[in-house]
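Notes for the one structure printed next.
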Amino acid sequence: MKREKTTLIKPQKTKERGPQKTTLIFPLISLILGIILLTSSTKAVIIVCYLIGGIVVLFGLYHLFRYYKLKQELKIEDNQKLILGVAFLAIGLVIIILSSVLETCLRFIIGFSLIVNGIKKAIIAINNRDSLILILGLMFIAMGLYTILAENIIFQIVGILLILSSIIDILNLFITKKNKV
């Protein structure tokens, strides 16, 4: 019996790289998205409705295409694909057509939930004589009213957080790059 000699494969040493240019792309995208959400949150919600509606429409067209191919090639009628295709197509078109109405409904739902939550907190605070929770409850009520009557404050807050996060990421990249040089 012949013995084979085994050799170990040594891992190659890799050079440590500094931050690449691609790491700057995501904070910049985040910064742009944050600015969009902060300045025009209503339009951003409508654009998201368009995107979701478009995806649902494409999903419906895919099912209709699959139904048509099955019917033509295999002479099989899959009514489930036809029903799914028509349903998704109709739902997607409704989402696209009623996007501004959906934005308003979303704003009212978020606003009312903030108001209800604020009222609960205020009642608990009055019963427990806790002024901090009372202030928090009143802030929730104010945010709910602002969301209903004005712009969508939730998306504006998300926009502010995205802007701050991206600025911190960009500064961190430059500080890290400066310390490594």
Output the distance between atom CD1 (Ile160) and atom OG (Ser165), rounded to the nearest 0.5 Å.
13.5 Å
Under a 4.5 Å side-chain heavy-atom rule over Ile, Leu, Val, Met, Phe, Trp and Tyr, are Ile124 and Ile119 clustered together?
no
Listing request: all salt bridge (charged side-chain N to carboxylate O under 4.0 Å, His left out) pairs with a residue in residues 60-71, at least two apart in sequence or in separate chains.
Lys69-Glu73
Hydrophobic clusters here meaning ILVMFWY residues chained together by side-chain heavy-atom distances under 4.5 Å, can you tell me if Ile35 and Leu38 are in one?
yes
Is a side-chain N or O of Ser30 found less than 3.5 angstrom from the main chain of Phe26, in a donor-acceptor match?
no
Non-neighbouring partners of Phe59 that pass ring-ring contact (aromatic ring centres under 6.0 Å, His included), sequence neighbours left out
His63, Phe88
Can you name the closest pair of heavy atoms from Asp169 and Pro27 and give their distance?
CB-CG, 3.8 Å
Transitively linked via ILVMFWY side-chain contacts under 4.5 Å: Leu162 with Ile47?
no
Just how far is it from atom CG of Leu89 to atom CG of Leu58, taken to the nearest 0.5 Å?
10.0 Å
Sorted by chain and number, sequence neighbours left out, side chain to side chain contact (heavy atoms under 4.5 Å, CB included) with Ile55 holds for none
Quick one: closest heavy-atom pair of Gly144 and Leu114, and the distance?
CA-CB, 3.7 Å
In Å and rounded to the nearest 0.5 Å, what is the CD1 to CD1 distance from Ile115 to Ile148?
4.0 Å
Rounded to the nearest 0.5 Å, what separation is found between the CG atom of Leu64 and the OH atom of Tyr68?
12.5 Å
With a 4.5 Å limit on heavy-atom distance, are the side chains of Leu102 and Leu106 in contact?
no
Leu164 side, atom CG; Ser166 side, atom OG - distance, nearest 0.5 Å
8.0 Å
Between CD1 of Ile123 and CG of Asn128, what distance do you get to the nearest 0.5 Å?
12.0 Å
Does atom CD of Gln80 have more than 12 heavy-atom neighbours, drawn from other residues, nucleotides or ligands, at distances under 6.0 Å?
no
Trace of the side-chain contact (heavy atoms from CB on, under 4.5 Å) decision for Val56 with Ile96:
CA-CA 10 Å; Val56 173; Ile96 290 171; over 6 Å; no
Enumerate, atom names and distances included, each donor-acceptor pair closer than 3.5 Å involving a side-chain atom of residues 129-143, sequence neighbours excluded.
| unit_1 | atom_1 | unit_2 | atom_2 | d |
| --- | --- | --- | --- | --- |
| Asp130 | OD1 | Leu132 | N | 3.3 |

Between Leu28 and Leu173, is there a shared hydrophobic cluster once you connect ILVMFWY residues whose side-chain heavy atoms come closer than 4.5 Å?
yes
Contacts of Val94 that satisfy side chain to side chain contact (heavy atoms under 4.5 Å, CB included) - sequence neighbours left out:
Leu98
Test question: given the 4.5 Å side-chain rule for I, L, V, M, F, W and Y, name all other residues clustered with Ile32, or answer none.
Ile36
Between Ile163 and Leu171, is there shared hydrophobic-cluster membership here, with clusters defined by ILVMFWY side-chain heavy atoms closer than 4.5 Å?
yes
